[in-house]
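Here is the structure we will look at.
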Amino acid sequence: MKNAMQLNMISGFNINSIQISHLQFAYDTLVFLDVTEEEAHNLVIILQVFEAITGLKVNFTKSSVITIGADHSVAAIAEILKCKIEVLPLKYLGMAMGAASRSYNIWDSVIEKFQKKLAPWKRKFFTKAGRILLMHTSLSSLPIYYMSIFQMSVSIEKKLDQIMRYFLWGSSADKKRINWVAWDRACKPKKLGGLGIRNLGLTNKALLAKWS
């Protein structure tokens with residue numbers, strides 16, 4: 001791929017004087033091209049050479065063509081590569097790639113995970129200590145991956161806190177129960193009189209601060 005870029009068969013992109021033709025993670029490979037049919041044909045040649053040398057065949061039906069910005073020639077390129085067309089934003093490695101960092105929609109999967117996690121847990125069979133333990137070990141850890149990359153909006157924080165609060169006190173959308181302890185106090189460490197439940201807003205700030 002690097003040789004192909006040096007021979008101007010494919011473009012790749014340049015960032016901080018570093019030329020990048022492709023990125024790889026586990027068994028996924030992202031290849032960067034200009035939106036031209038010539039580069040698409042060149043990529044097919046490169047992959048055919050790869051197949052001849054290694055004996056490993058590329059499955060084009062499991063591959064996708066994605067454009068950054070609208071481009072009418074993407075259909076022709078997808079036809080050359082025999083790939084399907086996808087559009088941004090899309091989910092890649094568990095993240096909403098191409099979505100605005102402050103978009104509410106990128107947190108939909110986190111909220112969905114919260115609700116799926118709660119579904120099989122029968123509240124009436126747990127003591128409050130058991131619910132708090134589950135929140136410590138499982139529920140409050142679900143959004144960590146997202147919180148380490150994106151800044152959480154206040155509305156998302158309130159939504160996730162509400163789900164945890166409902167679970168803690170046995171409330172539901174149909175029937176609300178008394179919250180015997182204010183949520184701010186519940187999120188304080190036990191040595192300060194709280195329940196030690198993770199404060200998602202502060203955790204988000206701490207995780208983002210590490211990037212500095």
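All values below were derived from every heavy atom in this structure, side-chain atoms included, with hydrogens, water molecules and symmetry-related copies excluded.
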Roughly how far, to the nearest 0.5 Å, is the OG1 atom of T67 from the CG atom of L33? 12.0 Å
Tell me whether I66 shares a hydrophobic cluster with F25, the cluster being built from Ile, Leu, Val, Met, Phe, Trp, Tyr side chains joined at under 4.5 Å. yes
Out of curiosity, I156 CD1 to M147 CE, how far, rounded to the nearest 0.5 Å? 12.0 Å
Straight-line distance of I144 CD1 to R198 CZ, nearest 0.5 Å: 4.0 Å
Indicate, with yes or no, if M5 and L7 share a hydrophobic cluster defined by side-chain heavy-atom contacts under 4.5 Å among Ile, Leu, Val, Met, Phe, Trp and Tyr. yes
Should the pair Y146 and W107 be assigned to parallel (<30°), tilted (30 to 60°) or perpendicular (>60°) ring geometry? tilted
Residues that Y27 engages under side-chain contact (heavy atoms from CB on, under 4.5 Å), provided they are two or more places apart: none
Review item, side-chain donor-acceptor pairs of residues 39-53, under 3.5 Å, at least two apart:
| unit_1 | atom_1 | unit_2 | atom_2 | d |
| --- | --- | --- | --- | --- |
| E39 | OE1 | S11 | N | 3.1 |
| E39 | OE1 | S11 | OG | 3.4 |
| E39 | OE1 | D34 | N | 3.0 |
| E39 | OE2 | S11 | N | 3.3 |
| E39 | OE2 | S11 | OG | 2.2 |
| N42 | ND2 | M9 | O | 2.9 |
| N42 | ND2 | E38 | O | 3.4 |

I'd like a table of donor-acceptor pairs (distance under 3.5 Å, sequence neighbours excluded) in which one partner is a side-chain atom from residues 15-22, with atom names and distances.
none

Looking at N204 and N199, would you say the former's side chain and the latter's main chain have a donor-acceptor pair under 3.5 Å? no
Taking all atoms of both residues into account, what is the closest heavy-atom pair of L168 and W183, and its distance? CD2-CZ3, 4.0 Å
Rounded to the nearest 0.5 Å, what separation is found between the CG atom of L200 and the CG atom of L160? 6.0 Å
Walk me through whether F32 and L23 qualify under side-chain contact (heavy atoms from CB on, under 4.5 Å). CA-CA 9 Å; F32 300 96; L23 295 173; 3.8 Å; yes
Are there over 12 heavy-atom neighbours, none belonging to I68, within less than 6.0 Å of that residue's CD1? no
Look up atom OH in Y166 and atom CG in N179, then write down how far apart they are to the nearest 0.5 Å. 8.5 Å
Determine whether L30 and L88 fall in the same hydrophobic cluster, where Ile, Leu, Val, Met, Phe, Trp and Tyr are linked whenever their side-chain heavy atoms lie under 4.5 Å apart. yes
Working to the nearest 0.5 angstrom, can you tell me the gap between M1 CE and Q24 CD? 9.0 Å
Are there over 12 heavy-atom neighbours, none belonging to K205, within less than 6.0 Å of that residue's NZ? no
Hits for side-chain hydrogen bond (donor to acceptor under 3.5 Å, both in side chains) against D28, two or more places apart or cross-chain, chain-then-number order -> none
Under the salt bridge (Lys or Arg N to Asp or Glu O under 4.0 Å) definition, can you give me all pairs with a residue in residues 147-161, not counting sequence neighbours? none
Take V110 and Y145 through the side-chain contact (heavy atoms from CB on, under 4.5 Å) test and state the conclusion after the steps. CA-CA 10 Å; V110 176; Y145 182 39; over 6 Å; no
Hey, quick one: are I149 and L207 part of the same hydrophobic cluster, counting side-chain heavy atoms closer than 4.5 Å, chains of contacts allowed? yes
For a side-chain contact (heavy atoms from CB on, under 4.5 Å) check, start with the C-alpha distance between R131 and L134, then their side-chain angles and the critical distance, and finish with the verdict. CA-CA 5 Å; R131 293 174 195 170; L134 283 171; 5.8 Å; no
Please name the pair of heavy atoms, one in R185 and one in G193, separated by the smallest distance, quoted to 0.1 Å. NE-O, 3.4 Å
Who else is in the cluster with W211 when I, L, V, M, F, W and Y are joined by side-chain contacts under 4.5 Å? L208
Is it the case that over 12 heavy atoms from other parts of the model lie below 6.0 angstrom from the NZ atom of K210? yes
If I compare all heavy atoms of A78 with all of I85, which pair ends up nearest, and what's the gap? CB-CG1, 3.5 Å
Count I, L, V, M, F, W, Y as connected when their side-chain heavy atoms are under 4.5 Å apart, and connections chain through other members. Are V181 and L192 then in the same cluster? no
